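Presented below is the structure to which this report refers.
Model, not experiment: these values are computed from the prediction.
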Amino acid sequence: MTETSEAAEPAAKAGADRVSDRVATKLLDMIARGELTPGQRLPGERQLAEQMQVSRVSVRAALQQLKTQGFLAAVQGGGTRVLSTAGDMDPALTEMIRVKFDNLYDLAEIRVILESWAARRAAVNATPEQVAEIGRTVVAMAQPSRGKLRATDDVDFHIAIGKAAGSPVYMHILSVIRDTLTQMLEFHRHELFERSEDKVVLAQHRAIHRAIDRHDPDAAAAAMTAHLTWVLDHYHAARRRRDEAGAEKPPVADAPAG
């Protein structure tokens, strides 16, 4: 090998690394915008390379980088998918929430901070299409025929706000807790809240949507904080009832599927 070719090798590798970084960034952006959803299987390396007009080597390096960071996982038998569930990332999390009410309360308290931040960011960054997606989840939630599916609509509402926030970091956090969040909102709808409070929940979601639609970050954050603080008040009441009864019931294990 000549001296010139030896000198060219590091430069070529550095160039390939830069391309793979760009590919990784593009994939993260697609995850954040919801174009690649949790659990979805990615196209093959060849197809991704053609779509992004890069080499398969760069695609492979980008995929490996995102697997190492925890955004993607290999599929048995070949392929890659977006990592989606608490079971994938931390199987202990779902179990902790399932068996102990105080752990569920902690997650509810943490959500006030995280989701108020996300609502604020969504009010700044949301595209018209993303605002419309949030609105569609609210419309679905208002349909009497939805019944137990309102919990699913509720999850979709909070995921849509996460997408609109435009933060790959926040979407990664949501992907970790998505299964737990689903169980949590089923518990809210079927056990923590009274059926008569459905209209209150709907009004709170509409207020959040309106603030994001107006691109008013302070109002969006305040509306989300008000909603989740209202939820926390129900946890306080449930904790008092539990303490008075002198026993702790696992909060999520017996919640109906929605």
Side-chain angles (χ1 to χ4, degrees), residues 86 93-94 96-98 100-126 130-131 133-135 137-142 150-167 169-242 251-252 255 258:
L93 177 61
T94 300
M96 284 192 298
I97 295 301
R98 188 184 71 81
K100 189 169 177 60
F101 183 92
D102 287 343
N103 291 337
L104 190 61
Y105 174 85
D106 286 350
L107 180 57
E109 199 168 40
I110 290 166
R111 284 183 62 207
V112 177
I113 301 168
L114 290 177
E115 297 200 39
S116 297
W117 176 89
R120 179 182 294 278
R121 281 284 296 264
V124 174
N125 295 330
Q130 289 169 333
V131 173
E133 182 182 357
I134 297 168
T137 67
V138 176
V139 170
M141 206 180 300
R150 284 194 182 95
T152 302
D153 299 330
D154 206 338
V155 174
D156 291 342
F157 173 81
H158 291 280
I159 296 295
I161 290 174
K163 293 176 185 176
S167 168
V169 172
Y170 183 71
M171 284 305 294
H172 184 56
I173 292 171
L174 279 185
S175 75
V176 173
I177 67 170
R178 184 173 182 141
D179 277 7
T180 304
L181 180 62
T182 299
Q183 293 181 60
M184 184 182 205
L185 294 180
E186 287 174 353
F187 169 62
H188 290 178
R189 290 286 183 166
H190 305 310
E191 294 193 29
L192 192 64
F193 304 156
E194 298 292 336
R195 184 61 187 270
S196 60
E197 293 177 308
D198 281 353
K199 290 183 179 179
V200 176
V201 177
L202 182 61
Q204 292 171 347
H205 284 76
R206 282 174 171 161
I208 297 165
H209 173 238
R210 284 195 302 269
I212 293 173
D213 189 26
R214 295 196 310 269
H215 294 284
D216 186 335
D218 289 341
M224 182 65 81
T225 299
H227 167 54
L228 294 177
T229 299
W230 180 85
V231 172
L232 278 176
D233 289 342
H234 283 68
Y235 274 94
H236 288 305
R239 179 180 281 172
R240 286 195 299 270
R241 292 193 298 270
R242 180 203 65 187
V252 172

- Evaluate the side-chain contact (heavy atoms from CB on, under 4.5 Å) criterion for residues Phe193 and Val231: first the C-alpha distance (whole Å), next the side-chain angles of each, then the deciding distance (0.1 Å), finally the verdict. CA-CA 9 Å; Phe193 304 156; Val231 172; 3.9 Å; yes

Which atoms form the tightest heavy-atom contact between [X] and [Y], and what is the distance?
| X | Y | value |
| --- | --- | --- |
| Ile161 | Met224 | CD1-CE, 3.7 Å |
| Lys163 | Glu133 | NZ-OE2, 3.3 Å |
| Ala220 | Ala123 | CB-CB, 3.9 Å |
| Ala142 | Leu202 | CB-CD2, 3.6 Å |
| His215 | Val124 | ND1-O, 4.4 Å |
| Tyr170 | Gly162 | CE2-CA, 3.5 Å |

Where the side chain of [X] meets the backbone of [Y], is there a donor-acceptor pair that is under 3.5 Å apart?
| X | Y | value |
| --- | --- | --- |
| Thr137 | Ile134 | yes |
| Asn125 | Ala164 | no |
| His227 | Gln204 | no |

- Under the side-chain hydrogen bond (donor to acceptor under 3.5 Å, both in side chains) test, which residues partner Asp213, sequence neighbours left out?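 Expected list: none.
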
Atom [atom1] in [X], atom [atom2] in [Y]: separation rounded to 0.5 Å?
| X | Y | atom1 | atom2 | answer |
| --- | --- | --- | --- | --- |
| Met141 | Asp154 | CE | CG | 4.5 Å |
| Leu114 | Leu174 | CG | CG | 8.5 Å |
| Asp233 | Leu228 | CG | CG | 11.0 Å |
| His234 | Tyr105 | NE2 | OH | 14.0 Å |

- Considering only heavy atoms from C-beta outward, does the side chain of His158 approach that of Leu185 to under 4.5 Å?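 With C-beta onward as the side chain, the pair touches.
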
- Query: When the aromatic ring centroids of His209 and Phe157 are compared, is their separation below 6.0 Å?
  - Reply: no

- Query: Strictly under 6.0 Å, is that where the ring centroids of Trp230 and Tyr235 end up?
  - Reply: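 So the answer is no for these two rings.
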
- Message: Please list all pairs meeting salt bridge (Lys or Arg N to Asp or Glu O under 4.0 Å) that have one or both residues in residues 113-124, counting only residues at least two apart or in different chains.
- Response: Arg111-Glu115, Arg120-Asp218

